[in-house]
Structure formats: C-alpha cells, structure tokens
Number of protein chains: 2
Amino acid sequence: MLVTPKRKDAQQLTELILDTARDLFTAHGVDAVSMHQIAKTAGVGQATLYRRYTQKADLCLELMDDHFNRFKNDVILLLEQLQLAEETIHTRLNALVRRLVQFCNDESALLHAIHATIAPLNCIETEKKSFFQFPPYVFLHGTISTLMREALDSGRTVPFDPAFNAHILITALAPHTLQHLHQEYGYTTDDIVEKLCMALINPLFKS
Amino acid sequence: MLVTPKRKDAQQLTELILDTARDLFTAHGVDAVSMHQIAKTAGVGQATLYRRYTQKADLCLELMDDHFNRFKNDVILLLEQLQLAEETIHTRLNALVRRLVQFCNDESALLHAIHATIAPLNCIETEKKSFFQFPPYVFLHGTISTLMREALDSGRTVPFDPAFNAHILITALAPHTLQHLHQEYGYTTDDIVEKLCMALINPLFKS
DNA sequence: AATAATAGCGGACAATTGTCCGTTTGTCAA
DNA sequence: TTGACAAACGGACAATTGTCCGCTATTATT
C-alpha cells in the first residue's frame, strides 16, 4: 500500500527502501530479513518503513510489481494469439495453467513471503487485506474464470461453476503446496502442470 | 544403576495448561489469546508451556484430539457401512467429501489457528513440522487417496493421480479458503460440498 | 527571504513469540 | 530417612512486529 508523498524527498526514501529490501532479500533470503533490519540498513526509522508498507507482504508485492505486469501482459498476449490460431478452449486452458505455474515458480520466494504474512487470522479481526483482495489473485481469478466460463458455454463440458473452480485452481498453486509437491513427490514443474490439468481441467471436457 | 524416571506432577500441569487454554479460547477466541497469556493465567512459566507445545498449533491440535478421533472413527464407520450397502465408489467419495467439509466447519476455529501458526516459511529454514506432517492431513490424505485409487482401478474414471488429486482436495478445504467462499459468495456448507464434488469428484467419472 | 503550517522523519515503546539458565523438587538407591 | 541426581519449573531475556509522538525540514505564503 503506497502512500503518495507530498514532499519531494519522500520519494527518494521510498526508492532507497525498495533498493535496500531487494538487496537484503537476495543476500539473505526473503524470510530471513526483518522489517527492522530493512529500516536500519536503509538508515530510516521504523515508522518511515511502516508508513509505506504495513506488512512485508506489501513490500514484496511492490518488489514483484514489474515482473507481475510483464506476466499479465504475457498472459493476455498468449491467450490472444491462441485464440487467433483458433485453438480450442481446452488447449488454451492448459496453456494458461502452464504459464501460471511458471510464474508461481519464478516468484516463489516473494509469493511465499506474501502468503506467510497474510495469514488467515489477519482477515477477520484486524481489517487488513486478505490474500484474495491482492492484485495477483484478482487478476488470476478473473482470467481463469473467464476462460472457464467460455468452456462451460461451449457446451463441451460437464456442468461446473467457473468462479468456484478457478478459486480451487489458484488455491492449489499456493507456494507451500507446490513446494510440498516438489519435495515430497519429487515432481518437476512439468509434472505439476500435467497433473493439475489432469485433475482440474481435462476431466471437465466430455471426450 | 540410576534410572531417571518421569515426574508424576508434570502431568497435572499439562492438564492445567490444556484446561486454561480451552477456557481462554472459548472466552476470547483462539486468535486473541497469546501463549504468554495462557502461561500467566495458568500460573506457570513460559518455558513450562513451550516445553509441551512449541507452537500454538500443537496446543490446538491437542485440544481437538478427542474430536478428531471421533471424526476418524466416524469416517471409517461411514465408509464401511456404505461399502456393505454396496454403494458405488462415486457415492462413497461424495459422502466422504460431505463429512470432510462438516468436520472442517466444526473445527474451523482451531484449524484456523493451526494453519496460521504453521505458515509456509516455517518449513524450510527452521526444522518445524509442516502442516502436511500433522495427523489430520496424513489421515485425510490417506483416506481420500485410497478411495480415489479404488475409483481409478474400477475403470469408470478418466485417468488421474489419486495422491495428487487428494492433495488438491484437502488444499481446497483450508479454513481461509472455506471462509472466503462463505463470505464472498455467500455459499452455504451444502453449496460448498456440492461444488467441491462438481469440481473434483464428479468430472472424474465417465458418464 | 522570512515565516507559518504541516508532511513526514526517527527512535522509543508496547506486545508477542521463543530461548536460556539458575533453582526447585520429585524420585530412587542406600 | 536421607541425599544425590536429573527432570522440570519459572522468570528474565532476546528478537520481531507494529504504534506513537515529539521534532525536523520542506513547502507555500507574503
């Protein structure tokens, strides 16, 4: 959550903080770096940091903003191209899942931290944003459910609820879930893409 | 030869701690109660509490132990009865999902806290148990994948990976996911059961 | 340019989780 | 019993997250 500063020098501090955080994260790993440490290393007060980013999740979100925007454009472009090539909705959904998993892999460190910070308990009592209100979820859910609705409307599937199924697909992409699949079963990224499609996409389509 | 025996009075403190925690949880809600508060109210030191339960998740797990065992027996009994009644594997899977969702609803408060405490970040760096090693997950995953394998072996389904799909089903039952479905879409518990089956069970079966 | 208003800084402070260590106390051998 | 030994207690202490408030420095005004 970025506060737009009225003082001109405030913007410089924002950049300083972001740079410092990026450096510390790559040096020691996201989880090992504390907010206090970021502030101290950047040479600013605690409040200066917290005024910009209430939680580490916000900071992480800001740090992956560029990459996320590129990913968004990628997805939009990819889907347009496939549609122009007159690929089936089934094929397009599979391609989307592949790109999705790839993104979650690339940004696993930051996503990890975001999920960890925005724990379920923060949602009700306190009035902080839940994960489901963050841009990545909103975009993913919108894109996936649109495609799923198209599949449903095509008449080639069994009945299902696009929004609900999209929600479940995203849930399955949570960092700790993917990590568990990698570690426990030794699945490669390709395995996971294939099995996700086999579990959540392919069975929807009548043969 | 000196045998070092366990002290008998330690068990009493354990019960005192559990009773205190239960009371505080019901009085103020699980999330609002701190470990320090539990120790202080029980009149014991911090270490005495932490020596027994390293995290609030462990404490919660202990508190729902009775209920979880009853649930386990319920599930086993339910599945046996349905099998004796010669219900199809499809029907049995749906019934299992229903009972599953019911349990997650009943114990949502404790499960909530467990998920919140055992955040993904605790898994790699520190050597704490991940959620996937806790008894509830292990039992659920075992039960579901066994049933799913039976479905697969029956030849009445499309191809899929029982263990993987079981994993995804459990993931979808995470407290914050269910909570979001309730809040955002206004789904009732029955809705969720129906949609879960429509998303993850029914499409597997050839018509 | 001088000055008033205030955006915004910084560090102290509170709350929570988790650890360490000196001390107590139950247990068992004699 | 008694006494040695270790299991186990308790509270102080460290680290982290998040908040508050007095002060500084920038900006707008004249």
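Throughout, protein chains are lettered first and strands after them, A, B, ... in sequence-line order, and every chain is numbered starting at 1.
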Asker: In whole angstrom, what separates B:Arg52's CZ from C:dT17's P?
Answerer: 18 Å

Asker: Using the side-chain heavy atoms of B:Ala47, tell me which of these nucleotides is nearest: C:dG18, D:dG10, C:dG10.
Answerer: D:dG10

Asker: Please tell me whether A:His141 and A:Phe132 form a close aromatic pair, meaning their ring centres lie under 6.0 Å apart.
Answerer: no

Asker: Taking atom types as modelled, is there a side-chain donor on A:Asp23 or A:Thr20 under 3.5 Å from an acceptor on the other?
Answerer: no

Asker: So what does A:Gln46 touch, heavy atoms closer than 4.0 Å: a base, only the sugar-phosphate, or nothing?
Answerer: base

Asker: Check this one for me: any side-chain N or O of B:Arg51 less than 4.0 Å away from OP1 or OP2 of D:dG11?
Answerer: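 Result: no.
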
Asker: Would you mind telling me which of D:dG10, C:dC9, D:dT17 lies closest to the side-chain atoms of A:His36?
Answerer: D:dT17

Asker: Output yes when B:Glu150 and B:Arg92 qualify as a salt bridge under the 4.0 Å nitrogen-oxygen rule, no when they do not.
Answerer: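 B:Arg92 and B:Glu150: salt-bridged.
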
Asker: Please identify each residue that fulfils ring-ring contact (aromatic ring centres under 6.0 Å, His included) with A:Phe164, with sequence neighbours left out.
Answerer: none

Asker: Start at the 5' end of DNA chain D and walk down; is the nucleotide closest to B:Gly45 or to A:Ser34 reached first?
Answerer: B:Gly45

Asker: Among D:dA8, C:dG10, C:dT19, which is the nearest nucleotide to the side chain of A:Val44?
Answerer: C:dG10

Asker: Side chain of B:Asp9, heavy atoms from C-beta onward: which of C:dG26, C:dT17, D:dT19 has the nearest atom to it?
Answerer: C:dG26

Asker: Does B:Thr48 have a side-chain nitrogen or oxygen under 4.0 Å from the phosphate oxygens OP1 or OP2 of D:dG10?
Answerer: yes

